[in-house]
Amino acid sequence: MGAERYRPPLFSVAPMMEWTDKHYRTVARIISKHAWLYTEMLAAETIVYQQGNLDRFLAFPSEQHPIVLQIGGNNLDNIAKATQLANAYGFDEINLNCGCPSAKVAGHGCFGARLMLDPKFVSEAMSVIAANTDVPVSVKCRIGVDDHDSYNELCDFIYKVSSLSPTKHFIIHSRKALLNGISPADNRRIPPLKYEYYYALLRDFPDLRFTINGGIDCVDEVNAALREGAHGVMVGRAAYNNLWNTLAHVDSAVYGEPSSGLTRRQVLEQYQVYGDAVLGTYGNNRPNMRELIRPLSGFFYSEPGNSLWKRKADAAFLNKNIKTVKSFFEETLAAIPDAVLDSPVAELPSGRIDLFANVRGLLPPPYETRTEEVVVNAQS
């Protein structure tokens with residue numbers, strides 16, 4: 001497809017395992033036409049070994065563009081094969097996961113955030129991906145791993161990967177990863193955010209493009225990051241847990257487009273058509289009702305009737321007479337007041353005014369490129 005056909009990725013939704021699946025992306029695209037969407041991370045091995053079942057993992061409706069495929073892996077042959085297999089599906093960019101701290105990914109699989117300790121391999125992997133696709137490539141990483149968390153070490157990683165491969169876009173999660181066994185949730189909470197590292201990268205690598213990620217919870221904060229000079233902003237759990245109040249503001253507040261005027265009821269009517277069309281089409285009752293409704297868990301966040309709706313939903317999942325998404329909504333949406341269902345999105349919620357306060361005053365000293373080291377590593 002080509003990323004140049006779409007508005008730039010000022011706003012993107014982070015790849016999240018078991019969350020940013022095809023069903024979530026469908027409702028997200030109904031709400032926002034311009035947000036960049038990412039798949040869940042797919043291991044290269046999964047793509048290679050599921051060649052007879054690739055549609056389940058890679059197919060998506062054309063309406064989901066612009067969309068980025070994120071892959072993970074540590075085997076160059078499988079990464080190359082996975083990229084080749086994915087080409088037929090028309091993703092707009094391919095991203096390599098160098099930021100996930102999960103033990104399942106960074107431990108036994110030895111990829112994800114652990115790859116930041118091996119920039120030579122990352123550059124090889126990115127070169128392999130770029131050689132097997134015609135779309136742009138990018139890396140998503142942390143600002144460091146364990147004790148390898150200085151600004152200079154981050155810059156070494158960025159410089160080596162960008163010098164030894166065609167990679168020109170990095171998504172920077174502004175926390176380091178701790179690989180000592182703490183949970184992914186704690187890895188999003190315990191390591192401190194260091195936005196100053198991100199903004200220093202803008203200063204020290206003016207020819208590269210950087211997207212900031214981590215701790216940004218609403219569109220007002222997205223715009224604050226952009227005003228401070230960010231090339232793009234990636235939002236994670238807020239775009240899922242507070243789906244409507246986040247994504248319904250993206251096109252107007254970030255991209256300057258007129259508001260669509262969509263209501264929640266209209267979004268659900270469109271999603272119901274999709275849901276009933278795909279229900280059970282994978283075989284073995286997959287996707288099932290619970291999987292199709294799961295992306296809506298944050299659709300009525302903080303609204304009257306939200307708790308009652310979730311209780312009705314739990315009961316409806318067990319009701320064998322409810323066999324369509326349409327009948328599911330008929331059974332459950334009575335819990336939500338009409339005023340909630342039929343009102344356009346409210347005014348833009350305010351974010352934290354101090355999120356990037358004095359970030360320019362905290363910038364680390366400029367990075368000094370270590371050209372000799374990169375040349376040695378390229379030859380080793």
Side-chain angles (χ1 to χ4, degrees), residues 3 9 12-17 20 36-48 57-58 66-87 89 91-102 104-145 148 154 156-174 176-177 179 184 201 205 208-214 231-232 234 236 377:
S12 55
V13 178
M16 292 177 282
M17 294 293 291
T20 52
W36 281 64
L37 305 177
Y38 279 63
T39 67
E40 305 170 85
M41 187 200 73
L42 280 171
E45 286 71 20
T46 299
I47 297 173
V48 171
F57 296 93
L58 294 176
I67 180 172
V68 181
L69 169 65
Q70 186 185 69
I71 62 175
N74 64 350
N75 179 288
L76 293 177
D77 288 340
N78 282 336
I79 289 172
K81 292 174 185 175
T83 303
Q84 293 165 3
L85 291 167
N87 282 334
Y89 291 88
F91 291 95
D92 299 297
E93 184 172 309
I94 298 181
N95 176 268
L96 181 66
N97 183 327
C98 296
C100 181
S102 168
K104 293 180 181 178
V105 173
H108 300 298
C110 199
F111 57 99
R114 193 175 295 278
L115 289 184
M116 289 193 70
L117 302 176
D118 192 355
K120 181 174 181 292
F121 174 82
V122 174
S123 66
E124 292 172 347
M126 296 308 297
S127 296
V128 162
I129 294 170
N132 285 281
T133 187
D134 293 327
V135 301
V137 298
S138 60
V139 167
K140 187 174 189 294
C141 63
R142 294 280 182 133
I143 59 171
V145 176
H148 301 276
L154 171 62
D156 285 345
F157 174 81
I158 298 294
Y159 182 70
K160 291 171 186 176
V161 173
S162 63
S163 297
L164 299 175
S165 80
T167 311
K168 302 302 177 188
H169 180 203
F170 293 82
I171 297 96
I172 307 294
H173 187 139
S174 300
K176 72 175 181 178
L179 303 182
L201 290 174
F205 297 92
L208 302 179
R209 184 159 57 90
F210 296 97
T211 294
I212 190 171
N213 172 228
H231 298 154
M234 176 176 280
N377 284 338

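At a threshold of 4.5 Å between non-hydrogen side-chain atoms, the residues Ile212 and Ser174 count as touching. With a 4.5 Å cut-off on side-chain heavy atoms, Thr211 and His169 count as touching. For the pair Val122/Phe157, a side-chain contact is recorded, criterion being any heavy-atom separation below 4.5 Å from C-beta on.
Applying the side chain to side chain contact (heavy atoms under 4.5 Å, CB included) rule to Leu58 yields the partners Leu42, Ile47, Leu54, Leu69, Ala86, Tyr89, Phe91; only residues at least two apart in sequence or on another chain are considered. Legend: residues meeting ring-ring contact (aromatic ring centres under 6.0 Å, His included) with Phe57, ordered by chain and number and at least two apart, are absent. Residues satisfying the side chain to side chain contact (heavy atoms under 4.5 Å, CB included) criterion with Thr133, sequence neighbours excluded, are Thr83, Asn87, Ile94, Ile129, Val135, Val137. In terms of the side chain to side chain contact (heavy atoms under 4.5 Å, CB included) criterion, residue partners of Pro15 (sequence neighbours excluded) are, by chain and number, Tyr38, Gln70, Lys140, Met234. Scored by the side chain to side chain contact (heavy atoms under 4.5 Å, CB included) test, Ser127 finds Ser165, Pro166 as partners (sequence neighbours excluded). Scored by the side-chain hydrogen bond (donor to acceptor under 3.5 Å, both in side chains) test, Thr20 finds no partners at all (sequence neighbours excluded).
Rounding to the nearest 0.5 Å gives a distance of 7.5 Å between CG of Asp118 and CD of Glu124. Taking CG from Asp156 and NE2 from His148, the interatomic distance works out to 12.0 Å, rounded to the nearest 0.5 Å. To the nearest 0.5 Å, atoms CE (Met126) and OG1 (Thr167) are separated by 3.5 Å.
A distance-only check finds no donor-acceptor pair linking the side chain of Asp92 to the backbone of Val68 [under 3.5 Å]. Using modelled atom types, one side-chain atom of His231 and one backbone atom of Phe210 make a donor-acceptor pair closer than 3.5 Å.
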